[in-house]
Amino acid sequence: MSNLETITIERRGRVAVLTINRPDKLNALNSAVHREGVAALDELRNDNEVRVLVITGAGEKAFVAGADISEFEGHTPVTQRDAFHERSLFNSLDQFPKPVIAMIDGFCLGGGNELAMACDIRMASDKSRFSQPEINLGIMPGGGGTQRLTHLVGEGRSMEMILTGDMIDAATAEKFGLVNHVFPAAELGAETMKLAEKIAEKAPIALQLCKEAVKFASRSNLDEGLRREIDLFALVFSTEDKQEGVSAFLEKRKPEFKGR
Ligand code: COA
């Protein structure tokens, strides 16, 4: 992609790194970030060379410090609804078929926390801080915060974060299950790439179906979820990679997955 103003895309082997690049505004999500991010995801989902996506924020201070508050003033209810739902980065990430890892180093607030929660796995530095501070602006989370935070950390902890707007530190976020792992800031990049590369070696179609099944778990009841899983399990048996994985195991060699 060319002429990007607010994000960068870097390919590192089979891992793509999307960086939100507004460090002087703590990577706040303005409409350009949403527009360029959605277009980048559209392209990356069709790029067979890319198997895993990492999302991060530029600079050492913030992952993303929230929605760009300066844009709120000009929004009507209708334009705000459109900005956050129809073609938002939150929705595009939610529907992105490949595994996505959020790499969080610094403030992860409001829409930033909602963005991280729309990813599949969250890796954070020990100096990161998390909140849903919308209540302090007299508003409420609108990028999935009330729903995804509650699924991830439970109702009591979600209520407290959303009703107070207070920040929690990285250790607390890890204890709550909001982030998967916390590392010293100097190790975060290497540890995130190690995880991304490990996942990128797996069979791409199976990864996609796993992701779909796990996401369905919080959107259905158990019987519906079990039915969906067995259908997806049957589907994965139609892939060449299933044949390769099983043959490689029986032949005691490393599988070579091709995404077919
Ligand atoms: N929207 C727009 N601009 C933002 C922003 C946001 N969410 N968060 C930070 N910025 C901008 C600041 O206005 C400032 O811009 P300026 O240099 O042109 O004045 C720049 O980023 C640096 O932020 P600053 O506030 O000076 O840094 P700090 O270290 O003193 O404070 C925070 C950091 C994160 C505590 C503070 O920026 C903050 O509270 N941000 C808003 C968080 C928020 O409420 N997010 C949810 C929005 S719904």
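All ligand and atom numbering here is 1-based and tracks the order in the structure.
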Trainee: Under 3.5 Å, is there a donor on one side chain and an acceptor on the other for S70 and D68?
Mentor: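 Checked: S70/D68 side chains pair up, N/O donor to acceptor below 3.5 Å.
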Trainee: Do the ring planes of F233 and F237 sit parallel (below 30°), tilted (30 to 60°) or perpendicular (above 60°)?
Mentor: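 Ring orientation, 0 to 90° scale: perpendicular.
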Trainee: Which pairs would a plain distance check flag for residues 48-63, meaning a side-chain donor or acceptor within less than 3.5 Å of a matching protein atom at least two apart in sequence or in another chain?
Mentor:
unit_1: R51; atom_1: NH2; unit_2: F257; atom_2: O; d: 3.3
unit_1: T56; atom_1: OG1; unit_2: M103; atom_2: O; d: 2.9

Trainee: Name each N or O atom in ligand 1 that is under 3.5 Å from a protein N or O, and give the partner atom and the distance.
Mentor:
unit_1: ligand 1; atom_1: 1 (N); unit_2: A67; atom_2: O; d: 3.4
unit_1: ligand 1; atom_1: 1 (N); unit_2: I69; atom_2: N; d: 2.9
unit_1: ligand 1; atom_1: 7 (N); unit_2: A65; atom_2: O; d: 3.0
unit_1: ligand 1; atom_1: 7 (N); unit_2: A67; atom_2: O; d: 2.9
unit_1: ligand 1; atom_1: 15 (O); unit_2: K25; atom_2: NZ; d: 3.4
unit_1: ligand 1; atom_1: 18 (O); unit_2: K25; atom_2: NZ; d: 2.5
unit_1: ligand 1; atom_1: 21 (O); unit_2: D24; atom_2: O; d: 3.4
unit_1: ligand 1; atom_1: 27 (O); unit_2: K61; atom_2: NZ; d: 3.4
unit_1: ligand 1; atom_1: 29 (O); unit_2: K61; atom_2: NZ; d: 2.7
unit_1: ligand 1; atom_1: 45 (N); unit_2: A65; atom_2: O; d: 3.0

Trainee: Sorted by first residue and then second, give each salt bridge (Lys or Arg N to Asp or Glu O under 4.0 Å) pair with at least one member in residues 221-236; sequence neighbours left out.
Mentor: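 Salt bridge (Lys or Arg N to Asp or Glu O under 4.0 Å) check on residues 221-236 returns E212-R228.
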Trainee: Could you list the donor-acceptor pairs under 3.5 angstrom formed between side-chain atoms of residues 249-256 and any protein atom two or more places apart in sequence or on another chain?
Mentor:
unit_1: E251; atom_1: OE1; unit_2: R253; atom_2: NE; d: 2.7
unit_1: E251; atom_1: OE1; unit_2: R253; atom_2: NH2; d: 3.3
unit_1: R253; atom_1: NH1; unit_2: E244; atom_2: OE2; d: 2.8
unit_1: R253; atom_1: NH2; unit_2: E244; atom_2: OE1; d: 3.2

Trainee: Would you call K211-D120 a salt bridge at under 4.0 Å N-O?
Mentor: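 Between D120 and K211 there is a salt bridge, with a charged N closer than 4.0 Å to a carboxylate O.
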